[in-house]
Amino acid sequence: MDQLVFLILSIISIGAALAVIFSKNPVYSVLFLILTFFSIAGHYVLLNAQFLFIVHIIVYAGAIMVLFLFVIMLLNLNKTNETSKSMLPKIAGAISGGLLLIVLLGAVKGLNQAEASQAVNADMGSVKNLGKILFSEYLLPFEVSSALFLSAMIGAVMLGKKNLKDH
């Protein structure tokens with residue numbers, strides 16, 4: 001049963017991701033991206049990672065996608081304003097995508113299947129287990145990252161105030 005759900009979610013993820021790329025309308029691209037994020041969140045449920053599922057839905061499908069949608073609507077992208085572009089970025093993108101595919105195939109080929117099929121703890125992805133590990137083994141990196149985020153927020157506020165004074 002889990003394999004069937006995984007297959008269905010994978011087909012939805014790949015189809016929606018391709019629709020994001022090939023959609024002509026940017027609003028439709030954002031909506032397909034939201035569908036992609038929801039199907040990836042379904043994979044988190046299959047992996048028994050409830051915390052990642054909830055955070056993924058709230059942060060990506062909620063906040064980030066609403067921001068993208070508002071920015072795209074405010075930009076008012078029209079075909080009349082679009083200038084002709086060179087083929088260089090498309091060629092560079094195709095080459096870098098091909099190189100990424102080769103690296104990913106090499107990484108998958110090098111996986112040891114015995115290590116991948118180890119027994120998984122039943123509460124491995126639970127919030128309780130994540131909290132215990134985060135605040136015991138990884139307390140110092142957690143606190144350092146919180147200080148880093150705090151300094152980034154203060155820097156963003158200071159830069160915003162500086163730009164307001166200039167106008």
Side-chain angles (χ1 to χ4, degrees), residues 1-21 26-27 29-75 93 96-97 99-165:
M1 181 65 183
D2 285 343
Q3 290 179 347
L4 179 65
V5 174
F6 175 77
L7 183 65
I8 291 170
L9 285 173
S10 298
I11 291 171
I12 292 171
S13 296
I14 292 170
L18 289 173
V20 168
I21 295 169
V27 176
S29 292
V30 169
L31 294 176
F32 282 125
L33 193 57
I34 292 172
L35 179 62
T36 305
F37 283 151
F38 274 111
S39 61
I40 290 173
H43 284 97
Y44 289 139
V45 171
L46 289 177
L47 292 171
N48 198 20
Q50 298 90 8
F51 179 74
L52 288 178
F53 166 76
I54 295 297
V55 168
H56 188 80
I57 293 295
I58 291 171
V59 172
Y60 288 109
I64 301 291
M65 285 300 103
V66 168
L67 178 68
F68 280 2
L69 195 58
F70 282 137
V71 167
I72 286 173
M73 288 180 169
L74 287 174
L75 286 178
S96 62
L99 291 174
L100 177 65
L101 179 65
I102 291 170
V103 168
L104 288 176
L105 288 176
V108 168
K109 184 180 177 186
L111 286 177
N112 188 355
Q113 295 299 325
E115 292 176 4
S117 64
Q118 290 178 351
V120 177
N121 191 359
D123 63 343
M124 185 174 123
S126 68
V127 177
K128 182 179 179 182
N129 192 26
L130 178 68
K132 283 182 182 178
I133 292 173
L134 189 63
F135 290 116
S136 62
E137 294 179 37
Y138 299 106
L139 183 62
L140 181 64
F142 181 76
E143 292 298 327
V144 168
S145 65
S146 66
L148 179 67
F149 287 139
L150 179 64
S151 65
M153 285 191 303
I154 291 171
V157 169
M158 296 305 290
L159 286 174
K161 283 186 176 182
K162 184 177 180 182
N163 287 341
L164 287 177
K165 290 179 183 177

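As the structure is a prediction and not an experimental result, all values here were calculated from the model. Only this structure's heavy atoms are used, side chains among them; waters, hydrogens and symmetry mates stay out.
The line from NE2 of His43 to CG of Leu52 is 14.0 Å long, rounded to the nearest 0.5 Å. For the atom pair CZ of Phe149 and CD1 of Ile154, the computed distance is 14.0 Å after rounding to the nearest 0.5 Å. Taken from CG in Leu99 to CG in Leu104, the straight-line distance is 11.0 Å, to the nearest 0.5 Å. Rounding to the nearest 0.5 angstrom, the gap separating the OG atom in Ser145 from the CG atom in Leu150 is 11.5 Å.
Closest of all the heavy-atom pairs between Ser146 and Glu143 is OG-O, 2.7 Å. Between Phe135 and Phe142, the closest heavy-atom pair is CE2-CE2, 3.4 Å. Taking every heavy atom of both residues into account, Ser29 and Val20 meet most closely at OG-O, 3.1 Å. Across all their heavy atoms, Thr36 and Ala17 have their closest contact at OG1-N, 3.4 Å. Heavy atoms only, all atoms of each residue included: Ala41 and Phe53 are closest at O-CD1, 3.1 Å.
Across Ile57, Ile12, Leu9, a single residue satisfies side-chain contact (heavy atoms from CB on, under 4.5 Å) together with Phe38, and that is Ile57.
The aromatic rings of Tyr60 and Phe37 sit tilted, their planes meeting at an angle between 30° and 60°.
Using a 4.5 Å heavy-atom threshold, the side chains of Leu18 and Ile14 count as touching. Proximity of Ser151 to Leu148: side-chain heavy atoms (C-beta onward) are separated by under 4.5 Å at one or more points.
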